[in-house]
Structure formats: structure tokens, C-alpha cells
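Both ligands and their constituent atoms are indexed starting at 1 by order of listing. None of the values given here were measured: they were computed from a predicted structure.
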Amino acid sequence: MELILCKNYDEISERGANIIARAMIDKPDCILGLATGSTPVGMYKRLIEMNRASWIDFSRTTTFNLDEYYPISPENSQSYRYFMNENLFNHVNIDKKNTYVPNGSAADAEAECKAYDAMIENSRGIDIQVLGIGINGHIGFNEPDENLITGTHLTALTESTIEANARFFDSKDEVPRHALTMGIGSIMRARKIILLASGKNKHDAVMKLLDGKLTTACPATMLKLHPDVILICDEAAYNG
Ligand code: GLP
């Protein structure tokens with residue numbers, strides 16, 4: 001795992017955006033795996049600026065998002081589909097029909113997960129996967145557990161994740177208790193992975209990424225088995 005240590009959040013956003021921009025320039029029809037949460041927002045802003053300056057072009061880009069709450073309507077302002085439209089897709093020249101987010105309003109969650117995996121498999125595969133990290137080490141919504149799941153699946157959120165994500169909702173009670181998420185296998189199949197971590201509260205999770213151990217109690221540690229992962233973190237996350 002390569003480490004890029006940044007001074008602050010702005011530098012993380014800049015470094016992350018530069019890596020994605022480089023990939024988009026090298027491969028105009030590249031496939032991006034995208035993440036939600038507050039951490040990638042600055043990077044998305046930077047990508048929007050680059051697109052407006054005509055440095056990068058999204059017209060041939062395809063995206064697959066990691067996860068979505070379940071059940072939730074795509075029109076709900078707390079849905080990850082809405083988040084992606086607001087924070088990136090509405091502001092760049094991407095064709096929305098090439099942007100995929102698991103459907104949180106699918107009647108049959110299992111069928112939706114299978115169809116999502118099939119779509120990724122039938123694509124040319126994810127070139128760069130963007131990840132944030134939960135304070136408990138989750139990636140996507142792959143929560144700490146005895147077993148981790150390889151493919152896209154319906155999962156129950158842990159109490160710690162419900163609490164951490166309550167800041168986006170009017171109250172904790174409104175946070176959905178379940179989500180659809182790509183599995184660890186889907187994430188690990190990406191050719192390249194960049195993981196962004198910012199702030200003191202990510203320190204413990206970041207330290208577990210940098211020690212020599214793998215544990216399902218910190219799902220992000222599985223990334224140590226991937227040949228091309230870049231951890232982009234700020235001093236607060238690194239030093240605690
Ligand atoms: C959510 C998302 C994750 C994200 C994590 C961290 O639970 N499912 O993909 O990485 O939160 O979010 P933040 O960046 O806001 O700390």
C-alpha cells in the first residue's frame with residue numbers, strides 16, 4: 001500500500017482528483033468506482049472545476065457507486081443517488097445513464113444485488129475505485145463481522161455507523177438500518193484503489209491499515225492483499 005501523506009483535507013482532495021484526472025486522460029472511456037460520505041466531496045469539487053476548465057471529459061466515463069441505503073427512494077435527499085447527482089453528476093458532462101448506484105427502492109434486494117454484480121462483470125471492470133473509510137474500518141458498507149461477503153449484498157448497519165451517519169439526517173431514528181453494498185470481492189477486483197482518510201476520528205482505522213495484520217474486524221485491512229492501493233490521508237488521520 002502506497003501512502004500519500006497530506007497536510008490537510010484540501011491537499012487530499014487535490015491529490016485524489018489528480019489521480020482520477022490522470023486516469024481519465026489516459027483512458028477516456030474509463031470506469032470509475034465512486035464513494036459517498038463527506039470525505040470525497042472536496043475531490044468531487046475539484047473534478048468539477050477540472051471538467052469546467054475542459055481538462056477532463058466525462059462524456060465517455062462510466063461510474064459504479066459502492067453502496068446505497070435500503071430501503072430508500074433515489075429522490076430522497078439522503079439517498080446516495082441524490083448525493084452523487086448533487087455533488088458530481090449534475091455538474092459535469094457525464095451521461096447519467098452511464099452512472100450506476102444500487103437501487104435502494106428495488107422490491108427484491110437480492111435480485112438487485114445480483115443484477116448490480118452482473119453489470120460490473122459485463123463492463124470492462126473498474127479502473128479506479130475511490131474509497132472512504134468508516135471510523136470502525138468499514139469500506140462501502142462492509143461492516144466489521146466474523147465473515148465478509150465477496151459480492152454485492154444487503155447488509156445491516158452497525159450501531160456505530162448509524163450513529164456516525166446520523167449527522168446527515170434530522171435524527172438518528174431516520175437513518176435506514178440496512179444498505180446494499182458492493183462486497184469486498186467487487187472492491188478488490190478494481191485495477192487501482194484510492195482510499196481517502198481525513199481527520200482525527202479516522203486515526204485508529206488508518207493505523208490498522210498500516211500494521212501487518214488482516215482482520216475481518218476491520219474490513220479495510222483486506223486491501224493489503226491488493227497490488228495497487230494508494231492511501232491518501234492527512235496529518236490529523238495519520239498522527240491522531
Ligand atoms: C459511509 C459510506 C462509506 C464512507 C463512510 C465514511 O458509511 N458508506 O462509503 O466511506 O461513510 O464517511 P465519511 O467520509 O463521511 O467519514
Item to check | Ligand-side contact atoms (ligand 1) for residue partner D67, heavy atom cut-off under 4.0 Å | outcome: 2 (C), 8 (N), 9 (O)
Checklist outcome for this item: Counting from 1 in the order shown, the ligand 1 atoms closer than 4.0 Å to a non-hydrogen atom of K202 are 13 (P), 14 (O), 16 (O)
Item to check | Presence of salt bridge, K224 and D211, under 4.0 angstrom | outcome: yes
Checklist entry - Going by the order shown, which atoms of ligand 1 are within less than 4.0 Å of some heavy atom of H138? => result 1 (C), 3 (C), 5 (C), 7 (O), 11 (O)
Next on the checklist: Can you confirm whether Y69 sits close enough to N165 that some side-chain heavy atom of one is under 4.5 Å from a side-chain heavy atom of the other?
Outcome noted: yes
Item to check | Per-atom contacts of ligand 1 with F141, taking only distances under 4.0 Å to non-hydrogen atoms | outcome: 7 (O), 8 (N)
Checklist outcome for this item: Nearest non-hydrogen protein atom to atom 4 (C) of ligand 1, with distance, is T36 O, 4.1 Å
Checklist entry - With atoms numbered from 1 as shown, which atoms in ligand 1 lie under 4.0 angstrom from a non-hydrogen atom of R167? => result 13 (P), 15 (O), 16 (O)
Checklist entry - Will you find, in the side chains of R81 and S73, an N or O donor that is under 3.5 Å from an N or O acceptor? => result no
Checklist outcome for this item: Which of I139, V206, I230, T39 passes side chain to side chain contact (heavy atoms under 4.5 Å, CB included) with L195? It is I139
Next on the checklist: Is it the case that ligand 1 has an N or O less than 3.5 angstrom from some N or O of S38?
Outcome noted: yes
Item to check | Side-chain heavy-atom pair R124, K27 within 4.5 angstrom cut-off | outcome: yes
Next on the checklist: Once you restrict to heavy atoms under 4.0 Å, what part of I133 touches ligand 1? Side chain, backbone, both or neither.
Outcome noted: backbone
Checklist entry - Is it true that A35 lies under 4.0 Å from ligand 1, counting heavy atoms only? => result no
Next on the checklist: What I want to find out is whether K208 reaches D204 closely enough, with some N-O distance under 4.0 Å, to be called a salt bridge.
Outcome noted: no
Checklist entry - Does the E112 side chain pair with the main chain of N103, one donor and one acceptor, at a distance under 3.5 Å? => result yes
Item to check | Numbered atoms and elements of ligand 1 in range of T39, under 4.0 angstrom, heavy atoms | outcome: 13 (P), 14 (O), 16 (O)
Checklist outcome for this item: ligand 1 to G132, heavy atom cutoff 4.0 Å, flagged ligand atoms 10 (O)
Next on the checklist: Checking a contact table here: which protein heavy atom is nearest atom 12 (O) of ligand 1, and how many Å away?
Outcome noted: G37 CA, 3.8 Å
Checklist entry - Is any side-chain N of the basic residue among E121 and K114 closer than 4.0 Å to the acidic one's carboxylate O? => result no
Next on the checklist: Checking contacts here: is it the side chain or the backbone of Y80 that comes within 4.0 Å of ligand 1, counting heavy atoms only? Could be both or neither.
Outcome noted: side chain
Checklist entry - Has ligand 1 got any nitrogen or oxygen that is less than 3.5 angstrom from a nitrogen or oxygen of G140? => result yes
Item to check | Under-4.0 Å salt bridge between R46 and E49 | outcome: yes
